[in-house]
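Everything below concerns the one structure shown next.
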Amino acid sequence: MNLFYYPAACSLADHIALIETGLPYTLSAINHEKKTEDGRDFLSINPKGYIPTLELEDGTILTENQIILNYIGERSGKLLPGEGIARWRTLEALAFMSSEIHTNYIPFFKDFPEPEKVRARAKLQNSFAILADQMGDKQFLITGEMTIADCYLFWILMVAPKSGVDLPQNLQAGFDRMKTRPSVIQAFAEEGLA
């Protein structure tokens, strides 16, 4: 599999999941001009024009963090509970982070006017409080073991400082623990972030 990524972008979640599961992968960076590091037009690979994008061995292209993370979990048999409510809570958390947190970062990534940032901060604070309640005193968001939701949560929390919103204590502690995982350290090194 080939993961198209931009360093420190949300594709980091998929990168961490690939390392955690032990699935074989290669990385292909894209630049702001939508070119791959080997000079290809990224829009011919993914017409949506954004990452993450996962190219499967047969050339099939998958997009969207929720889908790619779910694919990695399904394919590897790791990081995604096989059945029961924990499986659905994992998928629910991915959807929530994508729709309620990731999208509310846009005003900070694109430097929107301050009133829009104020509204986004309020929504982010509420969303972080919901995740903090869900995590409680567990080591990870859903269960006592890492899931694909924790891979995405790591990136969500990593970029939170851009918004100016303080993280609840248990989320900050979870983020700090994740930073020390070998998979995160390896992903940072491979993306040139270390």
Side-chain angles (χ1 to χ4, degrees), residues 1 3-6 8-21 23 46-56 60-110 116 119-136 138-160 162-163 165 167-168 170-172 174-175 177-178 181 183-184 187:
M1 291 181 283
L3 178 65
F4 292 92
Y5 77 102
Y6 188 80
C10 64
S11 50
L12 181 63
D14 309 275
H15 190 175
I16 292 167
L18 285 166
I19 295 167
E20 280 283 337
T21 60
L23 290 173
N46 177 1
K48 295 175 184 174
Y50 54 77
I51 47 90
T53 297
L54 187 66
E55 183 177 27
L56 307 182
T60 299
I61 299 295
L62 291 178
T63 64
E64 308 299 332
N65 247 326
Q66 295 176 65
I67 301 307
I68 294 171
L69 287 167
N70 194 13
Y71 178 82
I72 292 167
E74 285 281 340
R75 172 115 184 251
S76 67
K78 299 175 183 174
L79 299 182
L80 181 60
E83 56 186 32
I85 196 66
R87 179 183 186 83
W88 301 113
R89 290 289 182 230
T90 300
L91 298 175
E92 177 183 62
L94 287 176
F96 179 74
M97 288 184 281
S98 179
S99 65
E100 299 302 316
I101 298 177
H102 196 152
T103 57
N104 278 304
Y105 282 147
I106 293 170
F108 307 100
F109 293 156
K110 301 200 180 224
E116 292 184 45
R119 281 191 293 280
R121 277 189 201 99
K123 289 179 181 180
L124 287 168
Q125 283 179 315
N126 182 58
S127 296
F128 289 142
I130 290 168
L131 289 178
D133 285 347
Q134 183 175 11
M135 180 180 251
K138 298 187 299 290
Q139 293 288 308
F140 297 102
L141 184 60
I142 308 300
T143 68
E145 296 182 16
M146 186 175 171
T147 69
I148 52 176
D150 296 292
C151 298
Y152 196 22
L153 179 62
F154 178 79
W155 179 80
I156 290 287
L157 300 177
M158 183 181 85
V159 296
K162 288 183 181 285
S163 70
V165 175
L167 295 175
N170 64 337
L171 293 182
Q172 183 65 56
F175 175 75
R177 279 190 304 275
M178 282 286 291
R181 287 186 74 85
S183 59
V184 173

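Since this is a predicted model, take the numbers as computed values, not measurements. Note that these values count all heavy atoms, side chains included, but never hydrogens, waters or copies made by symmetry.
Taking P107 as the reference, F112, K117, A120 meet the side-chain contact (heavy atoms from CB on, under 4.5 Å) condition, with sequence neighbours excluded. Legend: residues meeting ring-ring contact (aromatic ring centres under 6.0 Å, His included) with Y6, ordered by chain and number and at least two apart, are H32. Judged as a side chain to side chain donor-acceptor pair (under 3.5 Å), and not counting sequence neighbours, T90 has no contacts. For I130, the side-chain contact (heavy atoms from CB on, under 4.5 Å) test picks out F96, N126, with sequence neighbours left out. Partners of F154 according to the ring-ring contact (aromatic ring centres under 6.0 Å, His included) rule, which considers only residues two or more places apart in sequence or in another chain, are F175.
For the residue pair E64 and Y50, a side-chain donor N or O sits within less than 3.5 Å of a side-chain acceptor on the partner.
Distance CD1/I148 to CG/L80: 4.5 Å, rounded to 0.5 Å. Taking CG from D150 and CZ from R177, the interatomic distance works out to 9.5 Å, rounded to the nearest 0.5 Å. Within the model, atoms OG of S127 and CD1 of I101 stand 5.0 Å from one another, a figure rounded to the nearest 0.5 Å.
The side chain to side chain donor-acceptor pair (under 3.5 Å) analysis of residues 91-106, with sequence neighbours excluded, yields the pairs Q66-S98, R89-E92, H102-Y152.
Of all non-hydrogen atoms in Y71 and L54, the two that sit nearest each other are CD2-CD2, 4.0 Å. Scanning both residues, I72 and D14, for their nearest heavy atoms gives CD1-O, 3.8 Å. The minimum heavy-atom distance linking Q139 with M135 is given by the pair O-CE, 4.0 Å.
Judged by distance alone, the side chain of K162 and the main-chain N or O of M158 form no donor-acceptor pair under 3.5 Å.
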